[in-house]
**Student:** 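This is the structure, below, for whatever I ask next.
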Amino acid sequence: QVQLVESGGGLVQAGGSLRLSCVASGSIFSLNAMGWYRQAPGKQRELVASISSGGNTVYADSLKGRFTISRDNAKNTVYLQMNSLKAEDTAVYYCNGAVSSSPVEPQYIYWGQGTQVAVSS
């Protein structure tokens with residue numbers, strides 16, 4: 001069993017910053033790509049950013065320059081630094097991770113429960 005737990009969400013004024021964290025725990029042999037997604041009310045879940053185990057990153061075009069994804073492999077943790085927040089960034093933010101629980105098992109994608117980010121204008 002693998003668990004991903006997000007933290008760091010909250011209410012912030014427009015222009016402010018937040019740093020989200022997501023810790024993976026449980027039966028982890030290897031933790032590969034990790035990512036952040038978000039879902040605003042009435043909208044589909046969308047990719048925010050992803051990062052490989054080697055540190056290669058991918059961002060949604062609209063968020064480049066404001067959001068930064070990083071990870072600490074020793075802590076099985078991925079971070080999302082969000083700066084210059086806007087009202088339209090309001091959403092539930094989810095992390096996911098591609099995990100192999102043993103050398104012979106394929107990787108599966110696990111999701112956290114989400115953390116709410118609300119940006120007031």
Side-chain angles (χ1 to χ4, degrees):
Q1 192 75 1
V2 175
Q3 298 83 36
L4 275 73
V5 178
E6 302 101 333
S7 61
L11 175 64
V12 63
Q13 288 188 334
S17 298
L18 281 175
R19 188 191 194 208
L20 306 183
S21 300
C22 173
V23 181
S25 63
S27 182
I28 299 173
F29 172 75
S30 65
L31 179 56
N32 304 309
M34 301 187 77
W36 287 96
Y37 289 71
R38 68 184 184 183
Q39 186 166 19
K43 295 187 176 182
Q44 289 187 331
R45 191 174 297 189
E46 63 176 0
L47 172 71
V48 173
S50 65
I51 185 167
S52 71
S53 57
N56 294 318
T57 57
V58 174
Y59 292 92
D61 286 341
S62 62
L63 301 176
K64 287 180 181 178
R66 292 196 299 123
F67 288 16
T68 302
I69 190 170
S70 62
R71 66 189 287 168
D72 184 334
N73 290 332
K75 297 181 179 179
N76 286 343
T77 301
V78 63
Y79 305 97
L80 184 69
Q81 178 67 43
M82 305 185 294
N83 299 326
S84 302
L85 283 162
K86 306 175 181 179
E88 52 263 42
D89 295 319
T90 294
V92 178
Y93 284 70
Y94 299 90
C95 74
N96 74 0
V99 178
S100 296
S101 294
S102 78
V104 298
E105 288 188 21
Q107 65 181 22
Y108 296 97
I109 305 298
Y110 294 88
W111 290 86
Q113 81 290 348
T115 185
Q116 177 72 53
V117 171
V119 183
S120 62
S121 56

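The chain is numbered in sequence order, starting from 1.
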**Student:** Test of understanding: clusters of I, L, V, M, F, W, Y form through side-chain heavy atoms closer than 4.5 Å, transitively. Do Ile69 and Met34 belong to the same one?
**Tutor:** yes
**Student:** Search all heavy atoms of Ala40 against all heavy atoms of Thr90 and return the closest pair with its distance.
**Tutor:** CB-O, 3.7 Å
**Student:** Any donor-acceptor pair under 3.5 Å linking the side chain of Asn96 with the backbone of Gly35?
**Tutor:** yes
**Student:** Do you know the tightest heavy-atom contact between Leu20 and Gly9?
**Tutor:** CD2-N, 3.6 Å
**Student:** With sequence neighbours excluded, what pairs up with Arg66 under the side-chain hydrogen bond (donor to acceptor under 3.5 Å, both in side chains) test?
**Tutor:** Asp89
**Student:** Would you please name every residue forming a side-chain hydrogen bond (donor to acceptor under 3.5 Å, both in side chains) with Gln81, sequence neighbours left out?
**Tutor:** Asn83
**Student:** Measure the spacing between CG of Leu63 and NZ of Lys86 and express it to the nearest 0.5 Å.
**Tutor:** 8.5 Å
**Student:** For the side-chain contact (heavy atoms from CB on, under 4.5 Å) test, which of Val99, Leu31, Asn32 pairs with Gln107?
**Tutor:** Asn32
**Student:** If Ile, Leu, Val, Met, Phe, Trp and Tyr residues are connected whenever their side-chain heavy atoms lie under 4.5 Å apart, and connections chain through other members, are Val58 and Phe67 in the same group?
**Tutor:** no
**Student:** Look up atom CG in Leu85 and atom OG in Ser120, then write down how far apart they are to the nearest 0.5 Å.
**Tutor:** 10.0 Å
**Student:** Can you see which heavy atom on Ser27 is nearest to which on Ser101, and at what distance?
**Tutor:** O-OG, 2.7 Å
**Student:** Search all heavy atoms of Ala91 against all heavy atoms of Arg38 and return the closest pair with its distance.
**Tutor:** CB-CB, 3.9 Å
**Student:** Can you find a pair of side-chain heavy atoms, one from Tyr93 and one from Met82, that are under 4.5 Å apart?
**Tutor:** yes
**Student:** Give the cluster check for Val23 versus Ile51: same hydrophobic cluster or not, with ILVMFWY residues linked at side-chain heavy-atom distances below 4.5 Å.
**Tutor:** no
**Student:** Applying a strict under-4.5 Å side-chain criterion to I, L, V, M, F, W and Y, I'd like to know whether Val78 and Trp111 cluster together.
**Tutor:** no
**Student:** With no hydrogens and no angle check, is any side-chain donor or acceptor of Glu105 less than 3.5 Å from a backbone partner on Ser100?
**Tutor:** no
**Student:** To the nearest 0.5 Å, how far apart are CZ in Arg45 and OH in Tyr94?
**Tutor:** 4.5 Å
**Student:** Ignoring hydrogens, what is the shortest heavy-atom contact between Leu4 and Cys95? Give both atom names and the distance.
**Tutor:** CD2-SG, 3.6 Å
**Student:** Can you tell me how far the OG atom of Ser102 sits from the CD1 atom of Ile28, to the nearest 0.5 Å?
**Tutor:** 13.0 Å
**Student:** Report the distance from atom CG of Leu11 to atom CD of Gln13, rounding to the nearest 0.5 Å.
**Tutor:** 8.0 Å
**Student:** Going only through I, L, V, M, F, W and Y residues with side-chain contacts under 4.5 Å, is there a path from Tyr79 to Val48?
**Tutor:** no
**Student:** If you measure from CD on Gln3 to CG on Asn76, what distance do you get to the nearest 0.5 Å?
**Tutor:** 12.0 Å
**Student:** Taking all non-hydrogen atoms of both residues, which atom of Ser21 and which atom of Trp36 are closest, and how far apart?
**Tutor:** O-CH2, 3.6 Å
**Student:** Listed by chain and number, what are the side-chain hydrogen bond (donor to acceptor under 3.5 Å, both in side chains) partners of Asn56, not counting sequence neighbours?
**Tutor:** none
